[in-house]
Amino acid sequence: MRKNLFFLACLIYCSNLFAQKKPLDHTVYDGWQSIGTKLISHDGNWIVYTIDKQEGDKQLVIEAASGNYKKVIERGTDPEISHDSKWLVFKITPLFAESRDAKIKKKKADESPKDSLGIIELGKDSVWKRARVKAYTLPEEGSAVLVYHLEKPLDPVRARSAVADRGKTDSLSLVIDSLKAVINGLSSKQPKKNEDRKRNADDVFSPGFTDPESWEPYIAGDFADGDEVPPVAEAGTELVVRNLATGAEKTFRNVNSYL
C-alpha cells in the first residue's frame, strides 16, 4: 500500500514539473545566445567578445586573461583593441526595441536612432561616449590615435538648410562664371545699330543689376563645347582625430571620406 502511494505521489510530482516547463517555441529561440566577435590583445592580457542574441540587445564583455577583471557593456558591438593593448574602442547600438519601432514606422534615416562611440582604457571602469558616430578607425600600428566620423547634426531642419544654402551658393557661382564668359564674348562683337550700350561683366554684377530674371538673356547664351555643370556634392560631416592618451581632439568639417 505504501509503495502504491509513493508511486502515485511521484507521478503527480512529475506531471506538475512537465506542466510548469515552458514550451519550446519562437519566444525561446529569440533568447538563444551565441558568441559573436572575438578578440585578444597583442600582449595577450585581454580577451574581448560579444554575446549576440537571435533577437534583442547584444552585450560586450571585456575580461583579463588573469581572471581578476571583467566588465560587461550593454549593446556594445564592433570592438577593436588598440595596437598598444591599452584601449578598447567600440560602438554602442540603440535599444533593439527603438530600432525595430523606427523600422515599423518607416522613419527616414536621419530620424532613426544612431550608434554611439565608446572608449575604455583596459582595466579601468570609466567609459567615454560620443553620440551619433557612424564610423571609426584605429591605426594598425603605432600610437593610440583614433579617428571617428560623425553623423549629420541631430536637428534635421538645420542640416537641410545647410545643404540647401550650399547648393544655392554653388549654383550662383556657376551662373556668375557662365555670365562672365557669355558677356565677355558679347562684348567682343560689334554692337548693332540702335542697340543699348553693351554690358560687360562688371556692368552685370554692379549693384543696380541684381534681379535674377534679368540674367536670363545671358544665361541662354552658348557655352563652350564639353562644358558640364558639376553636381552639388552631398554635404560632409565632422571628422574628429582623438589622442586616446591625452583626450585632445582635432575636428575637420565637411568631410565625406577619409583614409
Side-chain angles (χ1 to χ4, degrees), residues 27-104 107 109-154 237-249 251 258:
T27 60
V28 177
Y29 306 148
D30 293 343
W32 283 359
Q33 298 179 346
S34 62
I35 301 297
T37 304
K38 302 174 286 291
L39 298 175
I40 298 178
S41 62
H42 286 90
D43 61 9
N45 292 330
W46 301 100
I47 302 167
V48 178
Y49 58 93
T50 59
I51 299 177
D52 301 346
K53 296 181 180 179
Q54 296 292 329
E55 185 172 346
D57 295 316
K58 297 182 179 181
Q59 290 181 320
L60 177 65
V61 183
I62 310 166
E63 292 192 44
S66 61
N68 59 2
Y69 175 93
K70 182 176 181 179
K71 185 174 181 63
V72 179
I73 299 174
E74 297 296 330
R75 306 194 313 280
T77 186
D78 295 339
E80 189 172 346
I81 303 173
S82 63
H83 184 263
D84 58 9
S85 302
K86 291 183 178 180
W87 304 89
L88 178 70
V89 184
F90 54 93
K91 284 187 176 182
I92 303 173
T93 60
L95 288 168
F96 177 81
E98 292 181 356
S99 299
R100 180 176 58 183
D101 183 66
K103 290 181 180 179
I104 292 174
K107 290 185 177 181
D110 291 343
E111 299 173 350
S112 299
K114 302 297 183 182
D115 294 340
S116 298
L117 180 71
I119 303 173
I120 185 170
E121 186 176 358
L122 292 170
K124 301 295 180 66
D125 189 62
S126 177
V127 178
W128 182 89
K129 299 177 182 179
R130 180 70 184 267
R132 298 181 62 80
V133 173
K134 59 183 176 180
Y136 77 88
T137 301
L138 282 170
E140 294 182 1
E141 297 180 359
S143 59
V145 177
L146 169 71
V147 175
Y148 62 90
H149 201 186
L150 295 171
E151 296 276 2
K152 293 181 180 179
L154 185 60
T237 56
E238 291 185 348
L239 180 76
V240 183
V241 181
R242 180 181 178 88
N243 185 316
L244 293 174
T246 65
E249 292 188 340
T251 301
Y258 64 95

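Values below: all heavy atoms of this structure, side chains included; hydrogens, waters and symmetry mates excluded.
Applying the side chain to side chain contact (heavy atoms under 4.5 Å, CB included) rule to A131 yields the partners S116; only residues at least two apart in sequence or on another chain are considered.
Using a 4.5 Å heavy-atom cutoff, the side chains of L244 and L138 are in contact. F90 is listed as a side-chain neighbour of I120, based on a closest heavy-atom distance under 4.5 Å. Under the 4.5 Å side-chain criterion, counting only non-hydrogen atoms from C-beta, Y49 is in contact with E63.
Going from atom CG of D115 over to atom OH of Y136 covers 11.0 Å, rounded to the nearest 0.5 Å. One distance of note links CD1 of I62 with CD1 of I73; it measures 4.0 Å at 0.5 Å rounding. We find the CG-CH2 distance between L39 and W46 to be 14.0 Å, quoted to the nearest 0.5 Å. Rounding to the nearest 0.5 angstrom, the gap separating the CD atom in Q59 from the OG1 atom in T77 is 12.5 Å. Of the inter-residue distances, the one linking D101 atom CG with K107 atom NZ reads 6.0 Å to the nearest 0.5 angstrom. W32 CH2 to K53 NZ: the interatomic distance, rounded to the nearest 0.5 Å, is 15.0 Å.
Under the 3.5 Å distance criterion, the side-chain polar atoms of Y148 are left unmatched by any main-chain donor or acceptor of V133. Without hydrogens or angle criteria, T50 side chain to T37 main chain gives a donor-acceptor distance under 3.5 Å. Side chain of D57 to main chain of F96: a donor-acceptor pair is present (N/O by atom type, distance under 3.5 Å, no hydrogens or angles). For K58 (side chain) and G56 (main-chain N/O), no donor-acceptor pair under 3.5 Å exists by modelled atom type. With hydrogens and angles disregarded, no donor-acceptor distance shorter than 3.5 Å links the side chain of S82 to the backbone of A144.
Counting all heavy atoms, side chain and backbone alike, P94 lies closest to K114 at CG-O, 3.4 Å. Of all the heavy atoms in T237 and L150, the pair that sits closest is OG1-O, 2.7 Å. Listed here is the closest heavy atom pair of E74 and I92: O-CG2, 4.0 Å. Shortest non-hydrogen contact noted between R242 and G247 is NH1-O, 3.5 Å. Of all heavy-atom pairs between A65 and G44, the closest is CB-O, 3.6 Å.
Listed by first then second residue, pairs satisfying salt bridge (Lys or Arg N to Asp or Glu O under 4.0 Å) with a partner in residues 123-143 read K71-D125, E121-K124, not counting sequence neighbours.
Only one option out of V72, L60, V61 pairs with I51 in a side-chain contact (heavy atoms from CB on, under 4.5 Å); it is V61. Considering V127, L146, L88 in turn, L146 is the only one that fulfils the side-chain contact (heavy atoms from CB on, under 4.5 Å) rule with I119.
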